[in-house]
2 protein chains.
Amino acid sequence: MADRLSPTSYVVLGTIALRGPSTSYDLKRAVGRSIGYFWHFPHAQLYSEPQRLVELGLLEAETEAEGRRRRTFRLTDAGLAELRAWLAEPTPEHFQMRDIAELKLFFNEVGETRDVVRLAREQVAAHRERIAVYEDMQARYADLDAVAKRMITLRLGLEMEHAALRFWSSLLEEVGPSAVRQVIPDAASGS
Amino acid sequence: MADRLSPTSYVVLGTIALRGPSTSYDLKRAVGRSIGYFWHFPHAQLYSEPQRLVELGLLEAETEAEGRRRRTFRLTDAGLAELRAWLAEPTPEHFQMRDIAELKLFFNEVGETRDVVRLAREQVAAHRERIAVYEDMQARYADLDAVAKRMITLRLGLEMEHAALRFWSSLLEEVGPSAVRQVIPDAASGS
DNA sequence: TCTCATACGGTCCGAAACAGACGGTATGCG
DNA sequence: CGCATACCGTCTGTTTCGGACCGTATGAGA
């Protein structure tokens, strides 16, 4: 079938499949509260992408009330078929992590030890916070059956966050003490 | 200082800082063997980006032997300063995972259970393979002191891969049996 | 009543990023 | 001699991306 479809296309198709007919604004919010956590989409795309999908016959647009230009998009049979075909087909690509912190760590030898310490501290805090957010979501929706199936990705997110947290914590423990030794003399210069 | 710098810029600066003066081709190979594993860069950028950095005064180009248009780039003082400043400054952005598999999982209810099973199997295999590659690298370079500091990111990569592997494995265990039950009747239709 | 802030709802555009086709040159090897 | 395989790099047309910008409701407080 059409192979001009990007991940973004499937995000749109999938979200509409799960939530029923939606406007672009609905998509924007839905994505913001779910997929947006691990994959960033500029919202402009959620306005242009549905248009394309209409042209491809995968969505139908239903313009309501001329006054406010709001279009509700619903899945066509072709759209649903396309989505299901995608779900059924093998997934070749390996995941990509775009992690500025990892980049900095890679180049750490160019900088100072204290930069690594600071970086690690930041990351520990950031991942802890993220974990708190995820656990909160998990707790809030735990009983709702409708979202139960989507929760599964949350678990993956949590696993990844915990792994990262473990890494940065242990790095901090390894490098922290020596960094303290390195920094203290500046402050308590006496020695 | 200049804030028109993208992650790619820092990859170039950082790589040159670590390896010494390099041509674009050198960068391409170096990136391919390291950062490329977790962050994809189209190689064309490793030809255009250094140009920009020269214009910004962060790199110096040294054209050698007119015949073959090969340019070796070396870090200027400004370039090194910029890189170190970047390493020292806080890192606001949270990491992004672009994982098609996670996307598919998120929309799994639209598809069949067996799609999830297949997906999980694929992912288990893929992550295992990735882990093998990483461990191989780790073993090969374990003794070389020069790369020892870079190895640290490998550990992070491994942590992440292991976390993902754990997730997909346990998912497979949970959903696998019922999927088998779901599929068997088709084959052994009797019941 | 004014006016200020905040959510709602959306368009637009220039600048990067991106994929990948394309072009050529050494080098070796059967 | 012919072919394959690294090596080395350019170019081009799309997409993606951020984010500025533009309005309209709505309610809350001065």
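Numbered from 1 within each chain, the chains take letters A, B, ... in sequence-line order.
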Nearest whole Å is fine: how far is [N] [atom2] from [X] [atom1]?
X     : N      : atom1 : atom2 : answer
B:D26 : D:dC7  : CG    : C1'   : 12 Å
B:Y47 : D:dT12 : OH    : P     : 17 Å
A:F41 : C:dG10 : CZ    : P     : 19 Å
B:E55 : C:dA15 : CD    : P     : 14 Å
A:L46 : D:dT16 : CG    : P     : 11 Å
B:L27 : D:dG9  : CG    : P     : 10 Å
A:K28 : C:dG9  : NZ    : P     : 9 Å
B:E49 : D:dT10 : CD    : P     : 15 Å

Any [X] side-chain nitrogen or oxygen under 4.0 Å from OP1 or OP2 of [N]:
X     : N      : result
A:T23 : C:dG9  : no
A:Y25 : C:dC8  : yes
A:Q45 : D:dT15 : no
A:S6  : D:dT16 : yes

Check your understanding: Hey, is B:R52 close enough to B:E49 for a salt bridge, meaning N to O under 4.0 Å?
Key ->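 Counted as a salt bridge, because a side-chain N and a carboxylate O are separated by less than 4.0 Å.
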**Study point:** A:H43 (side chain) and C:dT11 (base): donor-acceptor pair under 3.5 Å
**Key:**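 Pair found.
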Check your understanding: Closest to the B:R98 side chain: D:dT16, C:dC18, D:dC17?
Key ->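 Given the options D:dT16, C:dC18, D:dC17, the side chain of B:R98 is closest to D:dC17.
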Exercise for review: Quick one: label B:S48 by what it contacts on the DNA or RNA (base, sugar-phosphate, nothing), any heavy atom closer than 4.0 Å.
Suggested key: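 Nothing, no heavy atom under 4.0 Å.
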Check your understanding: Checking all strands, does A:T8 fall into the base, sugar-phosphate, or nothing category for heavy-atom contacts under 4.0 angstrom?
Key ->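 No contact.
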Review point. Can you find a side-chain donor-acceptor pair between A:R155 and A:Q138 that sits under 3.5 Å?
Key: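 Their side chains do not contain a donor-acceptor pair, so the 3.5 Å distance test is not met.
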Point to revise | Residue pair B:Y25 / B:R29, side-chain donor-acceptor N/O under 3.5 Å | key: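 B:Y25 vs B:R29: no donor-acceptor pair found between side chains.
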Practice item. Specify the residue among B:A44 and B:R29 whose closest nucleotide of DNA chain D lies further upstream toward the 5′ end. Key: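 Nearer the 5' end of the strand: B:R29.
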Practice item. Find which nucleotide of DNA chain D each of A:R52 and B:Q96 is nearest to by heavy atoms, and output the residue with the more 5' nucleotide. Key: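 The residue mapped nearer the 5' terminus is A:R52.
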Check your understanding: Is the distance between the ring centroids of A:H127 and A:H162 less than 6.0 Å?
Key ->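 No, ring centres 6.0 Å or more apart.
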Review point. Using 30° and 60° as the class limits, which term best fits the ring planes of A:Y47 and A:H43: parallel, tilted or perpendicular?
Key: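 Judged by the thresholds at 30° and 60°, the geometry between A:Y47 and A:H43 is perpendicular.
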Practice item. Nearest-nucleotide wise, let me know which of A:Q51 and B:H40 is further upstream toward the 5' end of DNA chain C. Key: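 Comparing both residues, the 5'-ward one is A:Q51.
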